[in-house]
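In what follows, chains are A, B, ... by sequence order, proteins preceding strands, each numbered from 1.
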Amino acid sequence: MLNRFIIHSKNNISITDTLFSGQSFQWNIELFDHVYYISIIDSVPLFIRAVSSNEFEVYSPYKQIKCIPLSEFICSYFSLDVDTEKVFPENFHELHPYLWELLTQYFPLRILRQDPFETIISFMCAQGIGMHLIRKQISMLTEMYGEKRTVTFKGKEVVLHNFPTPERLAAADPFALSRCTNNNRIRAANIITASRRVAEGKIDFETLHNRDIPLDELRRTLSENSGIGFKIADCIALFGLGRFDAFPIDTHVKQYLGAWFNSATALRPLSPASYLMMDAEARRLLKPEFAGYAGHILFHCWRKEIKKLRSF
DNA sequence: CCCCAGGCTTTTC
DNA sequence: GAAAAGCATGGG
């Protein structure tokens, strides 16, 4: 029997956008009866449906997740504690009126507070590759290495897969795993190494979760791992460690910094030096403590409004 | 064959 | 030290 929860948000929230907003491709996103979204987090299956602009219902066989009441976990997971009106500086709409027009419709987007290990692996799959292929890789990883679960929902059987554990990926055969990484052997090897370091405690999320760690130190620590550079390190901080101040700069962010904010640095080739310069510029344009959160909204706005990309 | 896709690593100056 | 080239793979 499934428990039912109603989750309220003080801001508008778009389930569709939110589900696709972070790199949460482990979600087994399937449209169920064109209404429900099916997902699994930390072995807990969730069935989610928007019932209005600022509330949605969740069905699950369990009442809690990670020893936290489910409704509480979901508030945290969807960042419902963040007031999206306050993510941008007060005078931002005056400085950028044209951009503001495009931007406000993306406020329902939510940054998800995702599991750090999931985030590391997901973003390691996202180097110089299209969104379509990134999601394919994550799906294959969960299907091949994640524990299978079947749940009955509204009389139908639904098959889900947990995200693989660090131990499972650490023990994987590199060649076999490369089937899940777009046949990229180097990426597969890096994923195995990183998983082993997590399993051995050499990458310790308890420690990394400390919000007193300065961003540049966090970035340096994470990017010591092979296959993780500045951008992916910042993605891990933003999506996996709840550091909404972290501002990952990828090809799209670089483009909109040039086009929307006249950044001269953004017109130059990307390098560690120019990365840090753009990072500093973004902190002046945005609220430093929410630079990454705002950047993520700008990111999706750029992709959809300017680049005309259809999928998240 | 070209270029691009939510970059990273190694080589070269 | 920093800029440039190399890398790896699939898709348009």
Side-chain angles (χ1 to χ4, degrees), chain A residues 17-27 29 106 109-112 114 118-141 174-175 177-194 197 219-240 243 246-260 264-279 282 291-312:
Chain A
D17 291 350
T18 301
L19 281 174
F20 290 85
S21 72
Q23 199 152 22
S24 53
F25 303 122
Q26 81 287 2
W27 276 54
I29 300 159
Y106 290 89
L109 265 168
R110 292 284 159 170
I111 286 189
L112 308 179
Q114 294 176 258
E118 251 172 51
T119 311
I120 287 187
I121 304 305
S122 297
F123 279 96
M124 286 181 81
C125 291
Q127 307 168 190
I129 203 168
M131 198 69 89
H132 171 72
L133 286 173
I134 296 170
R135 294 170 66 181
K136 182 180 162 194
Q137 293 176 83
I138 308 301
S139 309
M140 287 181 75
L141 277 175
F175 182 72
L177 194 140
S178 71
R179 282 221 306 129
C180 307
T181 58
N182 213 31
N183 298 316
N184 187 322
R185 307 278 287 275
I186 295 174
R187 184 175 304 157
N190 285 338
I191 285 175
I192 290 170
T193 304
R197 285 175 59 77
R219 181 162 50 210
R220 206 164 42 241
T221 305
L222 287 169
S223 59
E224 278 168 7
N225 295 284
S226 180
I228 299 178
F230 283 4
K231 188 267 178 181
I232 292 180
D234 280 334
C235 284
I236 295 165
L238 177 63
F239 299 105
R243 292 293 292 259
F247 187 83
I249 300 165
D250 60 26
T251 163
H252 295 288
V253 174
K254 183 169 172 294
Q255 287 171 28
Y256 78 59
L257 283 175
W260 284 342
T265 320
L267 302 178
R268 290 167 38 193
L270 184 61
S271 69
S274 64
Y275 188 100
L276 295 177
M277 283 177 69
M278 285 187 281
D279 182 75
Y293 206 110
H296 192 59
I297 293 175
L298 287 162
F299 168 85
H300 280 292
C301 184
W302 174 261
R303 282 176 59 93
K304 290 198 79 168
E305 298 297 322
I306 308 300
K307 304 291 281 190
K308 305 291 182 190
L309 295 170
R310 291 199 60 214
S311 73
F312 276 90

Next on the checklist: Please classify the nucleic acid contact of Ile232(A) as base, sugar-phosphate, or nothing, using heavy-atom distances under 4.0 Å.
Outcome noted: sugar-phosphate
Next on the checklist: For a quick check of understanding: with a heavy-atom distance under 4.0 Å over all strands, which category does Ser223(A) fall into, base, sugar-phosphate or nothing?
Outcome noted: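 Counting heavy atoms under 4.0 Å across all strands, no contact is made by Ser223(A).
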Checklist entry - Taking the side chain of Lys307(A) as its heavy atoms from C-beta onward, which of dA3(C), dA5(B), dC8(B) lies nearest to it? => result dA5(B)
Next on the checklist: From the set dG7(B), dA3(C), dA5(B), return the single nucleotide nearest to any side-chain atom of Ser271(A).
Outcome noted: dA3(C)
Can any side-chain N or O of [X] pair as donor or acceptor with the backbone N or O of [Y] at less than 3.5 Å?
X	Y	value
Asn182(A)	Asn184(A)	no
Lys254(A)	Thr265(A)	no
Tyr106(A)	Phe299(A)	no
Thr119(A)	Cys235(A)	no

Checklist entry - Phe239(A) pairs by side chain to side chain contact (heavy atoms under 4.5 Å, CB included) with which of Ile111(A), Asp234(A), Leu112(A)? => result Ile111(A)
Separation of atom [atom1] in [X] from atom [atom2] in [N], rounded to whole Å:
X	N	atom1	atom2	value
Gln255(A)	dC4(B)	CD	C1'	10 Å
Ile138(A)	dA5(B)	CD1	P	19 Å
Phe123(A)	dG7(B)	CZ	P	10 Å
Lys254(A)	dG7(B)	NZ	P	11 Å
Arg268(A)	dA2(C)	CZ	C1'	10 Å
Leu270(A)	dA5(C)	CG	P	15 Å
Arg219(A)	dG7(B)	CZ	P	16 Å
Glu224(A)	dC8(B)	CD	P	15 Å

Item to check | Under the ring pair (Phe, Tyr, Trp, His ring centres under 6.0 Å) test, residues paired with Tyr293(A) that sit two or more places apart | outcome: Phe244(A)
Checklist entry - For DNA chain B, whose closest nucleotide is more 5', that of Asp250(A) or that of Asn225(A)? => result Asp250(A)
Checklist entry - Can a donor-acceptor pair be found between the side chains of Arg197(A) and Asn225(A) at a distance below 3.5 Å? => result yes
Checklist entry - Could you go step by step and tell me if Lys136(A) and Leu133(A) meet the side chain to side chain contact (heavy atoms under 4.5 Å, CB included) rule? => result CA-CA 5 Å; Lys136(A) 182 180 162 194; Leu133(A) 286 173; 4.2 Å; yes
Using the [atom1] atom on both, measure [N] against [M] and round to a whole Å.
N	M	atom1	value
dC2(B)	dG6(C)	P	14 Å
dT9(C)	dT11(B)	C1'	22 Å
dC8(B)	dG11(C)	P	22 Å
dA5(C)	dC3(B)	P	14 Å
dT10(B)	dG10(C)	P	22 Å

Checklist entry - Distance from Asp279(A) atom CG to Lys231(A) atom NZ, nearest 0.5 Å? => result 14.0 Å
Write out a two-atom table: protein N or O, nucleotide N or O from nucleotides 11-13 of chain B, distance below 3.5 Å.
none

Short N/O separations, protein against nucleotides 8-12 of chain C, under 3.5 angstrom:
residue	atom	partner	partner atom	Å
dT9(C)	OP1	Asn183(A)	O	2.7
dT9(C)	O3'	Asn182(A)	O	3.1
dG10(C)	OP1	Asn183(A)	ND2	2.7

Checklist entry - Can you list the steps and then say if Gln255(A) with Ile306(A) is a side chain to side chain contact (heavy atoms under 4.5 Å, CB included)? => result CA-CA 10 Å; Gln255(A) 287 171 28; Ile306(A) 308 300; over 6 Å; no
